[in-house]
Amino acid sequence: MGLKLQPSQQQQQHHSVAVKVNEQTGTKRGYTFIQANRAWLPKFLLLWVMVMAFLSTWIYKKMDADIKVRRKEVLSSMCDERARMLQDQFSVSVNHVHALAILISTFHYYKNPSAIDQETFAEYTARTAFERPLLSGVAYAERVVHSEREEFERQHGWTIKTMQREPSPVRDEYAPVILSQETVSYIESLDMMSGEEDRENILRARATGKAVLTNPFRLLGSHHLGVVLTFPVYKAKLPTRPTVEERIEATAGYLGGAFDVESLVENLLGQLAGNQAILVNVYDITNTSDHLIMYGHQNQNGDLALLYESKLDFGDPFRKHTMICRYHQKAPTSWTALTTAFLFFVICLLVGYILYGAAIHIVKVEDDFHEMQELKVRAEAADVAKSQFLATVSHEIRTPMNGILGMLALLLDTDLSSTQRDYAQTAKVCGKALITLINEVLDRAKIEAGKLEMETVPFDLRSILDDVLSLFSEKSRNKGVELAVFVSDKVPEMVMGDPGRFRQIITNLVGNSVKFTERGHIFVKVHLAENTKPVVDAKAETCLNGGSDEGVPISGAHQFKTLSGYEAADERNSWDSFKHLVSYEESQYGASVNMTVPGETSQSVTLMVSVEDTGIGIPLIAQDRVFMPFMQADSSTSRHYGGTGIGLSITKCLVELMGGHISFVSRPQVGSTFTFTADFGRCKKASFNDTKKSNTEDLPSSFRGLKAIVVDRKPVRAAVTRYHLKRLGILAEVAGSVKIAVSACGKNGSSCGSKIQPDIILVEKDLWLSGEDGGLSLRMLDWKPNGHVFKLPKMFLLATNITNAELEKAKAASFVDTVIMKPMRASMVAACLQQVLGIGNKRQAGKDAQNGSLRSLLCGKKILVVDDNMVNRRVAAGALKKFGAAVECAESGKVALKLLQIPHSFDACFMDIQMPEMDGFEATRQIRMMESQAHEQMNGGGIDKGLAGKGEWHVPILAMTADVIHATYDECLKCGMDGYVSKPFEEENLYQAVAKFFQV
Amino acid sequence: MDRNRLKHQVASMRSSLFDQGYLDEPFIQLEELQDDDNPNFVQEIVTLFYTDSARLIQNIEHALNSRRIDFDKLDDYMHQFKGSSSSIGAKKVTNECTVFREYCSAENAEGCIRSFQQVKQEYAILRRKLEVYLQMVRQAAVSRTT
């Protein structure tokens, strides 16, 4: 029940946490401007469109106005031009009339008799008509006063007639036409003064002495509109400034001509460009109230809105004329302006829409982003919840499992028959395996929750590898699989890192290999990552004699140069490359014993570890998901071999936490090689010696200086053996066969000084079985009487597994002194050697039982136990008392606070977390506050009696808690606790927690 | 002979207590803590447990009977009760306590009352069994000394 319940509670809690986180982020996350004003966006768009519509209208109007102004300018310039030309033409004509007037006065009056008669005049005027194209004709009328009328009439032979062609009535004065151009001959003898218009004209002309014009009227001949021009002709020369009377007096006659204004203007306009576009009217505006039209139609339907007036000056100061121009057509709608404005509007509309679209898109993307963020938070929360669930479930399983194991341990302490003991032991092993699995799941969960932290403590890598190997030695031996480890000499003896995790990685990999390997070998190799590439220069063959060049065919099968002779997946580990590594190291080793190894100065060292096996390998299709949790090659794998498939994924995580990476090469039915790198810190020499004792078992040093010969045909295996011997300080040589070894020994005394005198000979079992033993024994016998040898070298047989029969045989042949069972471990080899060589056992007895050490830690210490629960309190007190501590109890945080008032004599405090009123966290915080205050006082107030001696007040506080979730632990540390112990106390756990504070 | 029989009885009684799930690991630890310095440690703790739990049960009953049930308070009591019982390894009682707390956190009064009956029942059974067991242990001890 508890198992189901707690997780769900926790998940709920977690969920609420996630929601809170969400809210927090919600308030925090910055909404952009767009996001904040999202509701306004359509309004912005509308506003934009309206503004743009207004703007384009304005543009249209502006352009239209421009066009109108230009139109007006064009009109005015055209009108002015026309007016000027008309005026010029007109004045040219007037000048000609003037000239004609002078002609008459000259030839008619100054000559006597007159040189001009009608005929001459007609002839002359006809011939000079081209000079006066605008005048339909000219005529000269003589001034005749009434008194002279009769004589005049008689002289000319006709009577003076009025305009109506009747004989003129009596008047003061007459102006009958006497000379006329042929075109207007019909007016001869007509009295010009009989017409009102003409009379006025005449009077005005003779008074001013200038050309004068009549009102426009329809001309007699052409019915065109026209004006009559009248010019006075004077009899005598006038004084320079004649008065009006003098002028009138001197008047002899009047020269007149009719201007055909209509055709004049028509002609003129015909010559000019743009004639079609504009409409021209010419008015006589002498009478301001009644404009008389001189040219053009009164009712014209031109563009009435726009007209332009130009003044005309025809030389008659009395008369005023004006020219009015307008366009034929109304101003056309200006398409340019319209299109420009429209296009502008359209473009702005599009731009606005694009901006709007972009804003909408941004809003959408941001919304999506926030949604995603939320989902991410939720997903992460779910992930954490899953990990927590796993952790909790695992924990819940672990608790009863501990019970099972505890009971089994108890059971094993009782008197049991051997069968019962066996059963119980098996049960215990299984239980431990289950615990291991659960721990793996917990690890996995921790890693996923990111709560796994790596320790950095100095540890001995080699002894850990030995330990791991010994774990699997039973299994491998049963299977007949060779298990070996080799650590390069360059790898420092002590490295800084997390030994537990390193062991876990190795255990995982080796465990896997053992599981899947039925024959051949499993080989763990550690060297510096820089040495991975085999040194090419080191190709020169080294002194390892007997190493045959090619694979040696044994019983027909091809032998590979690997540890066991079976083919391995990754050729890098075969002898060809391995020997370079070994030889390289040897040369290095020899050269630099007393020199600092290059790279020693650097703080970290990267190790490369490879685990090679000759197992079933990983199917190609499964290779890419090897590191995925709960994935096995196929479902049948778990049926055959068991396991959850979680191991490798944890391994990968751990390796990555160690700053390395893991990879593998695998060939089905050949084997797999897993290789990983990991970063470790170098260990300083000083800390080295302290830690060495506590962390590693010491290897006995009593074998230092011994010499050994390893008889092995397989160089890799020999190197491994040598490595182990070297760790014991034994100098080892390798010989390819017993014969060589023996001969080496034999020659020793006499010739070959460099050869060693072996104390030990180690022979591989397969070599021994291959039948050389007969010869060997003989040789051995030969040795004895030789006398050179002081003592016979001890013979060891190296074997992975050995049958009883074989063992008997070996013993019987008195060939070997003992058998060293593989896998080799330095400590085990040492034990065997000790046994045989009889070198004193200097090994210290193993550590005291933890119980004892715990007692030594706690004995005499005064400890405060704070728990609200009476029973718990009593149990905890009892447990601590058992280890010799003096225990005092407090039932609440407040009481504890009181008891811990400084100064006090407590050495430590165990604190329950969940208590009413004041929980453990709060109590701890207050205690710490109190301590820091006391500390300040001490510093500030100077000497405070007994306190000064004691230094800093800091009572170790350990939380007692039933749940081991990491968060609780963090919380403990956060509020100033020093650690935590699980409740009820477990000795190991208690020891670990307490050992931090109490030095033995 | 009689002594051995008694010893055997105690052992089988003890294992049945574990097998039937009345007790678990912490009880073993209690027993481990019992030594010559503390010859009656288990008895002492169990008695403590009785008095403590009797008080708590009364409190809880009182709280349950009140008109407005204060679930926080109830949960508090039950936490203590659970702590005590898990401390002596009273597994079944602890489990029932857990159920009770679940109802409590759901504020389910009816469930609380029902599960509290279960708690009391389990508690009574355990108390009876433990009393018998401890009685036997005492007898065995006495017979050993005599």
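Letters A, B, ... mirror the listed sequences (proteins, then strands); counts begin at 1. The figures that follow rest on heavy atoms only: side chains count, while hydrogens, waters and symmetry mates do not. Source: prediction; values computed, not measured.
Distance OG/B:Ser84 to CZ/A:Arg873: 10.0 Å, rounded to 0.5 Å. Atoms NE2 and CG, from B:His79 and A:Asp868 in turn, are 6.0 Å apart once rounded to the nearest 0.5 Å. Taken to the nearest 0.5 Å, the CG atom of B:Leu30 stands 10.5 Å off from the CZ atom of A:Arg874.
Heavy-atom distances place no part of B:Glu96 under 4.5 Å from chain A, backbone and side chain included. Heavy atoms of B:Leu48 lying under 4.5 Å from chain A belong to its backbone as well as its side chain. Contact annotation for B:Asp24: neither backbone nor side-chain heavy atoms come within less than 4.5 Å of a heavy atom of chain A.
No more than 12 heavy atoms of other residues, nucleotides or ligands lie within 6.0 Å of NZ in A:Lys894, so this atom counts as exposed by the packing criterion. The 12-atom threshold is exceeded at NZ of A:Lys862, counting heavy atoms of other residues, nucleotides or ligands nearer than 6.0 Å. Heavy atoms from other residues, nucleotides or ligands lying under 6.0 Å from CD of B:Gln58 number 12 at most.
B:Tyr77 pairs by the ring pair (Phe, Tyr, Trp, His ring centres under 6.0 Å) definition with nothing, not counting sequence neighbours.
Under the ring pair (Phe, Tyr, Trp, His ring centres under 6.0 Å) criterion, the residue pairs touching residues 27-54 of chain B are B:Phe49-B:Tyr123, with sequence neighbours excluded.
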